[in-house]
Amino acid sequence: MVTGKGGTGKTTVAAALALALADAGKRTLLVEVEGRQGIAQLFETEALPYEERKIAVAPGGGEVFALAIDAERALLDYLQMFYKLGSAGRALRKIGAIDFATTIAPGVRDVLLTGKACEAVRRRDRAGAFVYDAVVMDAPPTGRITRFLGVNDEVAGLARVGPVHHQAQAVMRVLKSPETAVHLVTLLEEMPVQETLDGVAELRGAGLPVGAAVVNLVRPAVLDAADVTAADGVRAELAEAFATAGLGGARRGGKAQRLVDPLLRQAREHAERVTLEERQRAEIAALDLPTLELPLLWDGVDLAGLYTLAAALRAQDGHAVTGDLGGSSGGPGGGPSGAPDDDGDEREGAGA
Amino acid sequence: MNPEVLRDVPVLETDPLLDDPATRIVVCCGAGGVGKTTSAAALGLRAAERGRKVVVLTIDPARRLAQSMGLTELDNTPRRVPGIDTARGGELHAMMLDMKRTFDEIVEAHADADRARAILDNPFYQSLSAGFAGTQEYMAMEKLGQLRARDAWDLIIVDTPPSRSALDFLDAPGRLGSFLDGRFIRLLAAPAKAGGRAGLKMFSLGMTGVSMVTGTLGKLLGTGMLRDVQTFVAAMDTLFGGFRTRADATYRLLQAPGTAFLVVAAPERDALREAAYFVERLHADRMPLAGLLLNRVHGSSAGELSAERALAAAETLEEDADGGAPHRLAAGLLTLHAERMRVIARERRMRDRFTALHPEVPVAEVAALPGDVHDLAGLRDIGDLLAAQPPVPQQR
Ligand SMILES: Nc1ncnc2c1ncn2[C@@H]1O[C@H](COP(=O)(O)OP(=O)(O)OP(=O)(O)O)[C@@H](O)[C@H]1O
Ligand SMILES: Nc1ncnc2c1ncn2[C@@H]1O[C@H](COP(=O)(O)OP(=O)(O)O)[C@@H](O)[C@H]1O
Ligand SMILES: [Mg+2]
Ligand SMILES: [Mg+2]
């Protein structure tokens with residue numbers, strides 16, 4: 001599960017993660033639930049139908065499938081499965097019942113979405129092997145994630161018996177197991193970090209497995225505050241250095257000398273931001289989660305950029321992508337940092 | 001990049017807009033995270049310090065910003081903001097929207113005490129008021145209507161919810177209204193009534209069909225919940241018509257001449273795409289657009305030094321091992337400058353794409369401050385930057 005504050009890069013990170021997990025011979029499924037066709041846009045393909053289809057081959061040779069879950073269709077499928085509705089489904093839709101049940105009835109929509117994803121997680125082929133080695137969901141934002149994932153608990157409590165009860169319980173078993181990990185995407189800014197802290201506390205409170213913090217849009221710290229102070233003390237030398245590098249005259253009023261002030265000002269702003277970012281980093285570190293960083297791609301995220309981010313996830317993880325990020329083995333993701341052991345479970349995207 | 005295009009773009013002048021007594025409502029809208037709340041607060045502060053009696057309706061402000069504006073009381077009514085310059089006779093009031101409270105207040109205002117209690121305690125109502133997609137948008141509009149009706153301020157500045165799409169803000173009230181007025185919810189309310197039957201024929205479902213529907217939903221949702229919905233609908237009956245009417249009234253308020261929309265965007269692809277949609281939609285709905293507020297824009301006062309030259313120079317300095325600390329620092333400054341110039345170029349491309357589509361829309365730019373904006377001083381800076389258009393000559 002990939003969550004985070006709106007606009008921090010949930011969809012992007014989920015897609016990069018699905019690519020990163022699709023090692024040679026593996027197959028991953030990238031799932032979208034908000035009906036926005038974000039995956040299709042990212043992979044530069046036409047809108048995804050409500051059906052699993054291959055959208056990419058990962059660098060490691062594995063395959064990435066994608067599915068945009070449509071709550072209405074999922075409800076109709078579900079009714080069909082349990083109640084053999086036939087054409088009555090259309091009548092239900094016509095009078096607005098489906099719309100009602102999927103947009104407003106508390107939790108129904110979320111039950112359907114998580115249920116469909118869990119079905120994909122558990123699905124096996126004829127030989128009994130899992131069809132997908134990992135399922136990655138571009139989940140709702142942090143503010144809604146705990147309720148979204150916890151909805152089946154609520155439902156299992158409401159419906160004490162019957163198929164809905166069983167289904168809800170089965171989903172909850174998957175979601176609370178160490179097979180699941182909820183990763184939180186954040187930026188090094190105050191509001192997204194605050195949401196991440198709140199989100200982690202809520203998830204932990206609900207007994208849901210927290211995975212990694214993924215810090216997105218990271219820019220390199222070129223100079224820090226001490227560097228800027230030092231630079232301020234050697235203005236004449238800076239002008240000379242600029243002149244040496246062919247940027248004009250170093251004497252007062254010369255081209256190189258006139259660069260010193262504006263460039264120092266920019267550096268000061270940069271250092272100020274670096275300081276703020278360090279504070280946010282410290283807040284994230286206090287969560288004691290495995291933490292990954294993804295660079296800001298200056299030209300935006302196109303298909304090539306997505307592969308770059310996937311490579312960055314793999315390169316950093318040590319165990320994180322295959323263990324924590326994959327969420328398929330090891331201890332509960334909510335535990336202290338330090339990647340769990342790679343216990344060689346067949347569903348692990350074995351690194352290297 | 002075409003400088004001609006840029007020069008022709010009209011400038012959005014916010015001070016005249018804020019000072020004009022005919023301006024009664026300013027709505028800040030746009031994609032999430034672009035600075036709507038910050039801009040709304042900054043405009044409110046500026047207008048108040050220029051002498052107007054202002055109320056700012058914020059939605060979901062950053063915690064420290066809320067604290068600095070005294071928005072710690074969550075009582076869903078405006079509070080006076082201390083610490084502003086009142087020399088010109090202005091006042092600043094601010095509030096943070098509490099969507100559930102607002103919904104509760106509507107119920108309380110339109111139903112007698114017993115009925116109100118029954119509705120407020122209904123689990124279905126609770127879920128609807130806490131989470132239905134669109135509730136927040138609807139309640140923001142409702143609150144705006146209420147503030148306007150109180151007529152205690154001469155300028156209302158409205159922030160909009162962090163919708164997944166800027167357009168939700170205009171559409172959601174209608175969606176919630178039609179849901180509450182909708183036929184399915186009525187059908188649920190009246191399955192047993194004789195009167196219900198005639199209505200049901202309309203849906204071309206026999207009585208068996210209806211019990212099948214309610215039966216299935218009952219199984220799916222739990223009969224308890226279905227009963228909650230039915231009692232909720234029965235209790236809300238008197239309010240139903242009201243929702244549409246009020247949504248329509250607010251909608252008309254937004255079209256009135258005293259209203260000005262400011263579309264806020266960051267110079268990024270997604271945000272500007274949303275901004276373009278919004279501009280088109282406002283036009284289609286005949287809502288008065290004041291202009292585009294382009295927030296978090298980068299500039300440089302060394303714009304004549306290109307990214308390429310700066311990088312080449314940085315490399316020269318780094319290669320020179322004997323240069324010592326000054327060379328290392330100079331290389332760092334040049335690297336940062338190159339980065340800055342690349343950002344500026346990209347932002348300019350994004351902006352140009354927008355202005356090519358909508359050359360008629362006035363634009364104001366606000367620089368990206370290095371830190372967050374979390375106090376009155378920061379808001380004042382934003383206000384000053386807004387007023388100082390066109391921005392300090394940056395690029396040549
Ligand atoms: N590492 C990165 N470098 C550059 N741009 C990025 C990076 N990650 C994300 N972006 C860009 O940031 C924007 C927001 O990303 P994305 O759509 O993934 O966020 P989201 O959290 O899914 O947003 P929403 O809450 O709207 O669903 C996109 O334009 C995306 O291309
Ligand atoms: N011009 C600016 N310079 C620096 N930071 C800004 C600027 N405008 C907004 N911010 C910061 O960006 C974040 C998001 O702003 P906010 O106004 O809450 O956005 P929105 O209401 O559109 O979601 C806040 O932390 C705010 O302080
Ligand atoms: Mg997304
Ligand atoms: Mg906001």
Side-chain angles (χ1 to χ4, degrees), chain A residues 5-7 34 36 78-79 83 85 88 91-92 94-97 99-101 103-108 144 147 155 158-159 162 164 189-191 194 219 222-223 227 230-231 234 237-238 240-242 244-247 258-259 261-270 272-273 276 298-300, chain B residues 31-33 62-64 123-124 127-128 131-133 162 164 179 182-185 187 203-205 209 212-213 216-217 219-222 224-225 229 269-270 300-302 305 309 312-314 316-317 320 323 325-327 329-330 332-337 339-340 342-343 346 370-372 374:
Chain A
K5 183 174 168 20
E34 303 222 290
R36 295 168 61 184
Y78 183 86
L79 292 174
Y83 300 104
L85 272 190
L92 281 174
K94 203 164 149 210
I95 63 167
D99 194 33
F100 166 81
T103 58
I104 193 149
V108 170
R144 294 211 312 271
R147 213 166 156 219
V155 168
L158 283 174
V164 175
E189 289 178 17
E190 186 183 335
M191 289 178 82
Q194 186 61 51
R219 285 165 290 186
V222 178
L223 296 174
D227 291 328
V234 292
E237 288 88 335
L238 290 177
E240 271 159 32
F242 293 155
T244 311
L247 297 177
R258 275 187 284 130
L259 284 173
D261 271 344
L263 263 53
L264 266 177
R265 198 175 320 128
Q266 286 172 189
R268 212 170 285 123
E269 288 178 11
H270 170 81
E272 188 178 335
R273 209 192 65 221
L276 290 172
W298 293 100
D299 298 322
Chain B
R63 209 165 284 186
R64 280 199 295 166
F124 179 71
S127 146
L128 175 67
F132 177 49
R164 75 178 208 192
F179 166 74
R183 56 184 187 170
F184 178 65
I185 203 163
L187 165 72
F203 306 126
S204 59
L205 282 172
M212 192 273 301
V213 171
T216 306
L217 283 173
K219 278 195 205 122
L220 198 66
L221 309 174
M225 165 156 172
V229 175
R269 194 183 47 186
D270 296 357
S300 171
S301 36
L305 177 59
R309 279 190 73 209
T316 309
L317 291 172
D320 171 17
H327 276 201
L329 294 169
L333 294 185
L334 289 165
T335 306
L336 283 176
H337 178 70
E339 198 174 279
R340 173 76 65 111
R342 288 208 307 236
V343 171
R346 186 179 30 126
D372 286 331
H374 54 254

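Protein chains get the first letters and strands the later ones, always in sequence-line order, with residue 1 at the start of each. Every value quoted in this text rests on a predicted model; they were computed, and no experiment measured them. Only heavy atoms go into these numbers, but all of them, side chains included; no hydrogens, no water, no symmetry mates.
- The part of A:Glu272 that comes within reach of chain B is its side chain, from C-beta onward, which places non-hydrogen atoms under 4.5 angstrom from that chain.
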Quiz item: Between A:Leu263 and B:His337, is a side chain to side chain contact (heavy atoms under 4.5 Å, CB included) present by the stated rule, with each step listed?
Solution: CA-CA 7 Å; A:Leu263 263 53; B:His337 178 70; 3.8 Å; yes
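- Atom NE2 of B:His374 and atom CD of A:Glu190 lie 7.0 Å apart (nearest 0.5 Å).
- Ranked by heavy-atom pairs under 4.5 Å with chain A, the list B:Ala62, B:Ala314, B:Gly33, B:Gly32 is led by B:Ala62.
- Atom CG of residue B:Asp372 and atom CD of residue A:Glu189 lie 6.5 Å apart, to the nearest 0.5 angstrom.
- In plain terms, the two heavy atoms of A:Ala241 and B:Pro326 that are nearest each other are CB-O, 4.5 Å.
- Listed options A:Asp227, A:Asp299, A:Leu259, A:Val234 were ranked by heavy-atom pairs under 4.5 angstrom with chain B; first place goes to A:Asp227.
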Exercise. Apply side chain to side chain contact (heavy atoms under 4.5 Å, CB included) to the pair B:Thr316 and A:Thr244, showing each step before the final yes or no.
Key: CA-CA 9 Å; B:Thr316 309; A:Thr244 311; 6.0 Å; no
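- Your options are B:Arg340, B:Arg342, B:Arg346, and the one with the most heavy-atom pairs under 4.5 Å with chain A is B:Arg340.
- The choice from B:Leu334, B:Leu305, B:Thr335, B:Asp270 that makes the most heavy-atom pairs within less than 4.5 Å of chain A is B:Leu334.
- Between chain B and the options A:Arg273, A:Glu269, A:Glu237, A:Glu240, heavy-atom pairs under 4.5 Å are most frequent for A:Glu269.
- Contacts of A:Leu276 with chain B are made by side-chain atoms alone, with heavy-atom separations under 4.5 Å and no backbone atom involved.
- In terms of the side-chain hydrogen bond (donor to acceptor under 3.5 Å, both in side chains) criterion, B:Arg309 has no residue partners (sequence neighbours excluded).
- Put simply, the side chain of B:Ser301 reaches to within 4.5 Å of the side chain of A:Arg265, judged on heavy atoms.
- The nearest pair of heavy atoms linking B:Gly332 to A:Leu223 is C-CD1, 3.9 Å.
- Distance check: A:Arg268 CZ to B:Leu336 CG gives 12.5 Å after rounding to the nearest 0.5 Å.
- The part of B:Leu317 that comes within reach of chain A is its side chain, from C-beta onward, which places non-hydrogen atoms under 4.5 angstrom from that chain.
- Highest contact tally toward chain B, considering only A:Leu264, A:Asp261, A:Leu247, is held by A:Leu247 [criterion: heavy-atom pairs under 4.5 Å].
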